[in-house]
Amino acid sequence: MADPSDILKAGSALLSPVLEPFGYAMATVETGKSSGGPFAIGYWKAGARGIETHVRYGLGIVEYHWGDLSVSHADYMRAMNLVGEYPGFGADPIDGFAHLAADLSGPARGLLDCTRSDFEAMLRSVDDLPRKWLP
């Protein structure tokens, strides 16, 4: 099994060309161990905006932040009625980062340079979505 910190580092190299033109830079990396095993969390920042990526065996949780507001990648895509590649499937643990980079340079690109009011409007759209329940 690959180390989550190594996966995060390799995956971040795929995200850098997409995020840096919008002012994002890797701000912090958190690592640790929990009941599910070792993990790494990377935080990309651009002013009050942020992108949080969680890695255990590959890219898992992806959340977008604007100050105290946040939304998951999945909810953003549903609210905006977008179809993307993330999470996708692949044998390589960094494949999820390639899929996320494709979304952020394609259908989800508007998220990277939206205004605070655009972000808030999108969150209202998320609130209007029917809740997904597991059977």
Side-chain angles (χ1 to χ4, degrees):
M1 174 179 75
D3 180 82
S5 295
D6 293 338
I7 297 169
L8 179 61
K9 183 177 179 181
S12 294
L14 295 176
L15 293 177
S16 289
V18 175
L19 298 178
E20 288 175 356
F22 294 93
Y24 286 88
M26 181 63 80
T28 59
V29 173
E30 178 184 332
T31 60
K33 289 186 179 183
S34 68
S35 61
F39 65 87
I41 303 171
Y43 299 93
W44 291 83
K45 297 293 285 180
R49 296 173 294 153
I51 301 173
E52 184 176 334
T53 56
H54 291 233
V55 176
R56 192 173 299 272
Y57 304 106
L59 182 59
I61 297 170
V62 176
E63 286 189 338
Y64 304 104
H65 301 273
W66 196 308
D68 60 338
L69 304 174
S70 65
V71 65
S72 71
H73 182 80
D75 282 347
Y76 171 77
M77 297 297 278
R78 284 180 58 218
M80 302 308 289
N81 199 28
L82 300 172
V83 176
E85 294 185 26
Y86 180 78
F89 298 97
D92 192 315
I94 66 165
D95 286 346
F97 285 94
H99 296 203
L100 180 60
D103 284 2
L104 291 173
S105 56
R109 185 199 166 283
L111 179 67
L112 297 178
D113 61 355
C114 69
T115 65
R116 168 93 183 196
S117 61
D118 291 338
F119 195 86
E120 290 170 345
M122 177 270 303
L123 288 177
R124 287 190 294 277
S125 295
V126 169
D127 288 341
D128 292 340
L129 290 172
R131 292 287 162 221
K132 292 179 102 178
W133 300 100
L134 294 176

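Everything numeric in this text was worked out from a predicted model, so none of it was measured.
Looking at heavy atoms from C-beta onward, Phe119 lies in side-chain contact with Leu111 at the 4.5 angstrom threshold. Contact of the Met80 side chain with the Pro107 side chain is not registered, since no non-hydrogen atoms from C-beta on lie closer than 4.5 Å. Counting only heavy atoms from C-beta outward, the side chains of Tyr43 and His65 never approach each other to under 4.5 Å. Tyr57 places none of its side-chain heavy atoms less than 4.5 Å from the side chain of Ile7.
What you find for Ala40 and Leu8 is that their closest heavy atoms are CB-CD2, 4.0 Å. Across Val126 and Asp75, no two heavy atoms sit closer than the pair CG2-O, 3.7 Å. Nearest heavy-atom pair, Ala27 versus Lys45, reported as atom, atom and distance to 0.1 Å: CB-CG, 3.3 Å. Nearest approach of Pro38 to Pro4, heavy atoms of both residues: O-CG, 3.4 Å.
A distance of 15.0 Å separates OH in Tyr76 from OG in Ser70, rounded to the nearest 0.5 Å. Within the model, atoms CG of Leu59 and CG of Leu15 stand 7.5 Å from one another, a figure rounded to the nearest 0.5 Å. Rounding to the nearest 0.5 Å places OG of Ser117 at 11.5 Å from CE of Met122. Atom-to-atom distance recorded for Glu30:CD and His54:NE2 is 8.0 Å, nearest 0.5 angstrom. Rounded to the nearest 0.5 angstrom, Lys9 NZ and Leu14 CG are separated by 13.5 Å. A distance of 8.5 Å separates OG1 of Thr31 from CG of Asp3, quoted to the nearest 0.5 Å.
The hydrophobic cluster containing Val29 also contains Ile94, counting ILVMFWY residues as joined when their side-chain heavy atoms lie under 4.5 angstrom apart, directly or transitively. One hydrophobic cluster, built from ILVMFWY side chains closer than 4.5 Å, cannot hold both Leu100 and Phe39; they sit in different ones. Put simply, Leu104 and Ile61 are part of two different groups of oily side chains (I, L, V, M, F, W, Y) that touch within less than 4.5 Å, one to the next.
When the shell of 6.0 Å around CG of Asp128 is examined, it contains more than 12 heavy atoms from other residues, nucleotides or ligands.
Side-chain contacts under 4.5 Å among hydrophobic residues (ILVMFWY), followed directly or transitively, place Val83 with no other residue at all.
Applying the ring pair (Phe, Tyr, Trp, His ring centres under 6.0 Å) test to pairs two or more places apart or on separate chains, those with a residue in residues 82-103 are His73-Tyr86. Note on residues 90-115: pairs passing salt bridge (charged side-chain N to carboxylate O under 4.0 Å, His left out), not counting sequence neighbours, are Arg109-Asp113.
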Show me, pair by pair, the donor-acceptor contacts under 3.5 angstrom made by side chains of residues 19-26, not counting sequence neighbours?
none

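Ser125 is linked by a side chain to side chain contact (heavy atoms under 4.5 Å, CB included) to Ala79, counting only residues two or more places apart in sequence or in another chain. With sequence neighbours excluded, the residues forming a side chain to side chain contact (heavy atoms under 4.5 Å, CB included) with Asp118 are Cys114, Thr115, listed by chain and number.
Between the side chain of Arg78 and the main chain of Pro130, a donor-acceptor pair closer than 3.5 Å is present.
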